[in-house]
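Notes to accompany the following structure.
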Amino acid sequence: MNLADYLTLFAMVAIWALMAINVFLSVGGFLYYYKMERQDPNIPLEEYPFVSVMVPAHNESAVIQRTVRALLRFDYPADRYEIIVINDNSSDDTAEKLAAVQAEHPDRKLVVVNTDNQLGGKGKSNALNIGFSVAKGTVLAIYDADNTPEPRALRILVEHLMADESLGAVIGKFRTRNRNASLLTRFVNIETLAHQCMNQAGRWFYFGLCTIPGTNFVIHRHIIEKIGGWDPQALSEDTEISFRIYRMGYKIRQVPQAVTWEQEPFRLDIWMKQRTRWAMGNLYVLMNNFKYVFDPHAGKMRLDVLYYTMVYFLMATALICSDTIFVLGVLGYCHVSLGGLSTLVWVMACLLFECNIMLTLSTEKNEFNMESVFLVLLMLFTYAKLWVVVVVRAAWMTFKKMFTKQEVKWYKTERSAD
Amino acid sequence: MCKRYGAAALILLLALLLPLTALAAEPTHLLVISTEEAQGDAARTMQTIRQIAMYSNWNCRYRSVEDPVALTGCEGVLLCVDDGYRLPEKTVTQLLDSELPIFVIGSGTLVQLAPVRHVQGTLVIRLETENRQKQDMLLKENEVTLLADRGESLGGQVFVGAEAYPLCQRTERVTHLAYYQPDNADFANYLATCLQIWRWPFEDAPRGYGYYLVLDRVYPFDDPARLMKITDMLEEENVPYALSVMPLYANGEYPAMQRFCEYLTYVQSRGAGVILHAPLVTLQNTETEEIKRHISIAYEGYANLGVYPLAIQTPESWLLSEKGLSVLRGFRTVFTFVSGEDVYGDRVDVNLAFRDGHQLVGSAREGALTYTDAYAQAIYLDVNQDVEALRAQVEAIKSSRRTLKNLRAMENVVYAGDQFLQAAADGTLVYNGEEIPLTYVPFEYEEKHEFYRGFMQNMKEQIEGGNKLIMLFVVVSCSFFAVAMFLVRRSIRGELLQAKKKKTNEAVRAGKGKERGV
């Protein structure tokens with residue numbers, strides 16, 4: 001066996017192992033969705049807790065009014081929740097837009113915290129910490145500034161959080177609002193449903209694990225107090241906070257009936273910056289938490305650390321190896337002599353990918369069609385490859401940041417008016 | 001601390017000494033001293049010497065004429081040095097002080113080792129091998145250096161005018177070959193004979209190796225009827241023969257392959273030996289394991305149809321590299337053919353092949369009018385030639401009185417993957433522990449063979465070649481996904497229908513209400 005053989009073997013084992021894990025999670029996610037769809041999501045409470053809905057907003061003029069209006073339409077008792085919009089050092093007319101909504105609803109608890117470049121402008125975690133300092137609720141709900149949650153979303157999330165004491169947070173599902181804006185948003189829509197929602201559901205179904213997605217979730221105030229707020233160094237504050245909640249012994253549950261619709265990046269450059277930030281944030285969290293893999297007291301959280309390690313290191317390396325060997329092989333620079341790697345196996349990998357995603361799409365009302373079949377196939381050879389670029393870019397930037405001691409810069413995803 | 005250092009030093013010493021001990025245990029048959037000038041006559045002659053040493057299973061140590069030499073463990077010294085070069089004085093002293101037999105090619109260093117005389121005149125060389133073949137050549141040179149003392153002739157003569165001198169003669173210490181032409185097939189055969197006689201320790205003539213007639217590169221798509229005519233001719237001529245068959249890795253069930261193998265089982269039953277041609281390797285970096293796997297597949301394909309190759313046929317260059325030798329290790333008998341610069345692996349200039357104890361059969365030199373029995377050789381017959389032309393070739397070979405041998409009369413061993421074959425000289429053949437009678441049984445053919453060409457064939461091969469575990473995993477997962485999708489879609493359709501029905505009922509109720517003026 002030569003070097004190309006060893007690398008191919010490694011890539012094959014890694015890719016198929018991760019595909020097996022993915023299938024396993026999809027099966028679990030599907031069973032959980034199926035079960036949840038057949039039961040009433042409402043768990044009426046005798047007394048609804050006071051909820052602070054926090055929305056960090058930085059230059060969100062294009063979307064903020066729509067978001068706040070959607071938050072005001074929650075079927076949650078109006079006197080039992082407040083909306084805190086942290087207008088985080090915006091240079092556009094976000095403040096004016098918010099003031100107009102405040103004027104429309106003088107009777108509602110809509111708090112706008114305007115920050116300058118001294119206090120604010122330091123990223124989402126910092127903005128959330130500012131919002132938290134003025135929040136009155138015993139339960140906190142977080143929404144991104146581009147979200148349009150369904151009216152029942154908050155109520156369902158709070159009801160489930162209060163119904164089970166073992167839960168530290170409850171997350172909902174998010175869907176793509178601008179699905180038809182571009183080919184990229186169509187891909188993001190599929191990815192969101194398949195990899196973010198279904199995998200989360202699968203991890204909850206088997207292990208009682210879920211990672212907070214950054215929006216459309218509720219969390220007990222006392223937990224945030226205990227962990228000392230959000231980590232301003234973390235670029236993906238959601239993953240970071242999830243790991244801290246696990247370590248406190250709480251579970252995080254996903255309830256798919258609590259849905260929010262969000263705007264996804266419609267251009268490749270915006271997408272690349274957003275995903276690089278996520279990947280850098282996840283690498284940061286991974287590096288800080290990898291030590292717990294060997295800590296028997298860390299509980300199930302170790303599974304998540306391992307899962308992230310596999311995705312960000314094993315999968316990325318395996319894909320780089322397999323793609324490089326493929327290209328070099330086509331150019332005639334290397335030759336793989338391993339047996340058992342027939343074209344059929346490769347076709348089967350594609351088939352499995354297709355079926356796995358189509359299963360997820362089948363659970364949605366308007367997603368299961370021939371167009372999706374083609375999109376998924378196209379996605380495998382285009383969008384999925386971009387993920388490797390994102391991870392490599394994020395790893396390089398993390399490496400550079402570590403050695404040049406650069407300050408963390410928060411890239412704010414650009415929005416457009418729908 | 002001291003103990004630890006002591007142990008480490010001991011381990012280091014053992015690590016260094018053990019390989020040296022192993023090396024010392026290996027006999028060195030010949031120390032070959034030559035000039036390093038690549039384009040010189042000596043360097044070109046060295047290629048022939050290396051080849052002769054390889055087929056004669058001699059272990060040689062090669063040194064440049066300027067290098068210091070160590071004679072320990074050597075059985076003889078061969079000097080092949082261009083004119084104008086001299087051995088260092090120390091080497092001359094070492095050689096003269098030792099009792100080792102010395103073979104000198106050319107006259108460059110001869111003057112340092114023995115008294116010589118120079119003879120001038122028109123030179124004619126007569127090559128004589130095996131005391132039967134003679135070949136005269138008129139030389140352009142008009143002076144030759146000979147040993148001053150007349151010794152025993154090892155064959156061949158130099159005519160200087162009317163005077164005849166031995167071309168290669170042996171005195172007590174030094175044997176001298178007075179003239180040699182590199183790249184000349186007759187000289188190469190002559191040199192092989194001389195070296196064999198020189199190395200033979202007994203008074204009588206050395207052992208003569210035979211020739212094997214081989215029908216070269218026979219393909220399954222060669223016409224069996226035509227092949228039959230050739231083998232019938234060979235049987236009429238009463239000569240033993242073998243066939244080298246090309247390897248096939250798939251489609252063993254095709255009628256052409258079946259007919260071909262039926263033909264092979266027939267000739268096998270009549271005493272012919274079968275040789276498996278090695279896979280054609282076009283990529284230098286192909287792994288040995290892959291080639292071995294292909295050999296194993298091809299071997300099994302033939303064995304399943306009753307054909308049992310006894311040896312392998314490979315390019316000669318495979319014997320010159322570690323990678324090539326690694327592939328050949330499963331075969332006791334190896335037939336070689338000359339294939340240009342087709343080296344597989346990194347060429348090594350020492351004879352590694354002798355360590356594996358192969359029965360090597362080289363390719364008889366084309367165009368030679370003399371021949372040598374110094375080592376076993378194969379005469380390859382082109383099956384594409386006309387039968388009568390082949391007959392003429394065979395008759396010429398017979399009349400040359402060369403000894404023709406049968407591959408089946410050799411002991412052959414084959415390891416190919418998990419297959420093991422042992423063939424004894426008495427014709428007994430054991431394959432995977434079972435004795436196989438090589439009798440001919442006519443094959444039964446399907447009335448109509450389904451070829452499964454195109455997509456179906458491709459799928460069949462893909463399924464056979466793919467990883468079964470992955471396939472099972474995908475089939476099970478996809479089946480689950482399909483059932484799950486069906487259930488979900490049915491459920492969603494039901495919900496939608498129910499919602500639609502509810503909406504219609506509500507609309508109907510609302511309509512009735514309006515009619516009643518509610």
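Below, chain A is the first sequence line, B the second, and so on; all start at residue 1. Every value quoted in this text rests on a predicted model; they were computed, and no experiment measured them.
In this structure, V488(B) and Y33(A) have side chains that are not in contact, with every pair of non-hydrogen atoms separated by 4.5 Å or more. A heavy-atom distance below 4.5 Å is found between the side chains of V475(B) and M348(A). Counting heavy atoms from C-beta on, the side chains of T360(A) and F481(B) never come closer than 4.5 Å.
Annotation for F381(A): atom CZ counts as buried by contact number, over 12 foreign heavy atoms lying within 6.0 Å. When the shell of 6.0 Å around CG of N180(A) is examined, it contains more than 12 heavy atoms from other residues, nucleotides or ligands. Within a 6.0 Å sphere centred on CD of E371(A), other residues, nucleotides and ligands contribute more than 12 heavy atoms. F486(B) CZ: 12 or fewer foreign heavy atoms inside a 6.0 Å radius. Residue Y312(A) places its OH atom among more than 12 non-hydrogen atoms of other residues, nucleotides or ligands, all under 6.0 Å distant. Within a 6.0 Å sphere centred on OH of Y249(B), other residues, nucleotides and ligands contribute more than 12 heavy atoms.
Between chain B and the options R38(A), M358(A), M19(A), E354(A), heavy-atom pairs under 4.5 Å are most frequent for M358(A).
When every heavy atom of E287(B) is checked against every heavy atom of D5(A), the shortest pair comes out as CG-OD2, 3.7 Å. Counting all heavy atoms, side chain and backbone alike, L359(A) lies closest to A484(B) at CD1-CB, 3.4 Å. When every heavy atom of A20(A) is checked against every heavy atom of F473(B), the shortest pair comes out as CA-CZ, 3.4 Å.
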